[in-house]
Asker: 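The structure under discussion is supplied below as structure tokens; questions concerning it will follow.
Note that the structure is predicted; figures quoted are calculated from it, not measured. Read the numbers this way: they start at 1 and go in the same order the structure lists the ligands and their atoms.
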Amino acid sequence: MMAVSFSAAGSASRPDAVVVGAGLIGAAAVLGLTEAGLRVCWVAPPGFDASPAAAPDAAPDWDSRVYAVSPGSVEWLSSVGAWRGVDGTRTCDVIAMRVSGDDGRSGIGFDSHDARRPRLAVICESSNLAYALERAVTARGDAVTRISGPVVELRVGERTASVGLSGGTTLRTPLVIAADGAASTVRELAGITVDRRDYGHTAVVANFRCAVPHHGVARQWFFGDAVLALLPLPGDLRSMVWSCADAHAAWLLGLPPEALAGEVARVAGGEAGSLQALAPACGFPLRLQRVSQLVGPRIALVGDAAHTVHPLAGQGMNLGFGDCRELSAVLSACGPQADPGDLGLLRRYQRARAEPIATMRLATDGLFRLFSSTLPGAARLRNLGMGWVDRAPLLKRELMAAAMD
Ligand SMILES: Cc1cc2nc3c(=O)[nH]c(=O)nc-3n(C[C@H](O)[C@H](O)[C@H](O)COP(=O)(O)OP(=O)(O)OC[C@H]3O[C@@H](n4cnc5c(N)ncnc54)[C@H](O)[C@@H]3O)c2cc1C
């Protein structure tokens, strides 16, 4: 186990950047910024345990939070020294994906072979990824100072921003990165507004041992406004994400694990055979969030602080890694003498991220609306649409390329 602590009182003398938020994207932002040569102060909430982390191979259970990590994210995480810390015995390559419509006939198939790549994504537990990111941050040595927050105040001046923590510590820095998640305090203190829509849906997640082997194929079923995904894990394990109306989710979450396993097996139509639950399920309420701007004077938003999308495409965190990659590239390109919080520089980051974020928001929200529509003919249209896309190899290749970035 790694012993790393965020100190209560700050000792960072004017870091080049302050990163607020100790989730996966906060850690990735710290790596991206130090890669660009910046000295970073990393602020975690009080009591945050930076050693998530028994090493994953020592963990007896399977984390019910798993992510489909895109090849583009894997490549960037490798380049900043984080991916090598991932325990590969606990990840599973997705080599194909089959998506089914709600008429029992239509569907789309995606194959890594068609994308000319060895895999479409890697399924990785959250704790496995957190452990790898943490090790990579630790390897940055003195370039990173850790402090526990939370942040309660933000003042932006001509040359510096001041970040006030609840214990009375004030950090002065040219650049503040908000990586503090969907309910970002930093975003709010910076006066950046957010347009928020609750889907009225919850994602129910759980892991199962399955009688039928998955062969590295991810399965997804669209049933009206519900989406069920079974993602491959090593051996005979699969991870479920079932996004459905809140009332349905509450019912699923109230089932005993073996009853939930039976319900998933029934709805998956025998695809996975009989299921054995590994641990109780958890639920995550779903919402769409769009911010008015990604940057402000001496502030940049990354990860869920910057955008929250429906998980049906498994892309929210990949978008966040894309933010960190781009911010790192912009700061690296400007050279060591530049002011990292210069608004013109930060706007370059904003411009570069605008399209990928908007595309993912429109794609996931559009699919959600199409599948939840009860308008006459909508069901036929979406099932026909799936068939058309499936028979259009160029379009499919484009879709795969976007999801794999
Ligand atoms: C069911 C589900 C499945 C998903 N599957 C996928 C997938 O397969 N692939 C994918 O790419 N994405 C997926 N996502 C999206 C992904 O989970 C998120 O995009 C990602 O976790 C966001 O990480 P983050 O670090 O930005 O935010 P968070 O994980 O919310 O982390 C924010 C951190 O900031 C800290 N914090 C908050 N306030 C303060 C403060 N004031 N001071 C200091 N610290 C603070 C918090 O404690 C936390 O540690 C999924 C989402 C859901 C709901």
Asker: Numbering the atoms of ligand 1 from 1, which are under 4.0 Å from a heavy atom of Arg65?
Answerer: 2 (C), 17 (O), 50 (C), 51 (C), 52 (C), 53 (C)
Asker: Does some non-hydrogen atom of Gly149 fall short of 4.0 Å from ligand 1?
Answerer: no
Asker: Quick one: CG on Leu260 to CG on Leu255, what's the gap to the nearest 0.5 Å?
Answerer: 6.0 Å
Asker: If you measure from each heavy atom of Ala22 to ligand 1, is any distance below 4.0 Å?
Answerer: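 So Ala22 counts as touching ligand 1.
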Asker: Specify whether the nearest protein heavy atom to atom 29 (O) of ligand 1 is under 4.0 angstrom away.
Answerer: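 Neighbour list for atom 29 (O) of ligand 1 is empty of protein heavy atoms (cut-off 4.0 Å).
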Asker: Do His307 and Asp323 have side-chain N/O donor and acceptor atoms under 3.5 Å apart?
Answerer: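 Present: a donor and an acceptor within the cut-off.
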Asker: Please determine, by modelled atom types, if Ser292 and Thr193 share a side-chain donor-acceptor pair under 3.5 angstrom.
Answerer: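 Yes, side-chain donor-acceptor contact under 3.5 Å.
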Asker: Does a side chain donor of either Glu188 or Ser184 reach within less than 3.5 Å of an acceptor in the other side chain?
Answerer: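 There is no such pair between these side chains.
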Asker: Could you check atom 6 (C) of ligand 1 against the protein and tell me its nearest heavy-atom contact, residue, atom and distance included?
Answerer: Tyr67 CD2, 3.5 Å
Asker: Under 4.0 Å from a heavy atom of Ala179: which atoms of ligand 1 are those, numbered in the order shown and with their elements?
Answerer: 32 (C), 33 (C), 34 (O)
Asker: Considering only protein heavy atoms, which is closest to atom 46 (C) of ligand 1, and at what distance to one decimal place?
Answerer: Pro45 CG, 4.1 Å
Asker: Any N/O of Gly316 closer than 3.5 Å to an N/O of ligand 1?
Answerer: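 For ligand 1, there is an N or O atom that lies under 3.5 Å from one belonging to Gly316.
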Asker: Report the residue from Glu271, Arg219, Gln220 that forms a side-chain hydrogen bond (donor to acceptor under 3.5 Å, both in side chains) with Ser100.
Answerer: Arg219
Asker: Given 3.5 Å as the limit, does a donor-acceptor pair link the side chain of Asn318 with the main chain of Gly314, or not?
Answerer: yes
Asker: If we count only N and O atoms by modelled type, under 3.5 Å, do the side chains of Thr308 and Arg287 hold a donor and an acceptor together?
Answerer: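 On atom types as modelled, these side chains do not qualify, holding no pair under 3.5 Å.
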Asker: For Val20, counting its heavy atoms only, list the atoms of ligand 1 lying under 4.0 Å from any of them.
Answerer: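 The atoms of ligand 1 under 4.0 Å from a heavy atom of Val20 are 42 (N), 43 (C).
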Asker: Leu24 heavy atoms, cut-off 4.0 Å: which ligand 1 atoms fall inside?
Answerer: 25 (O)
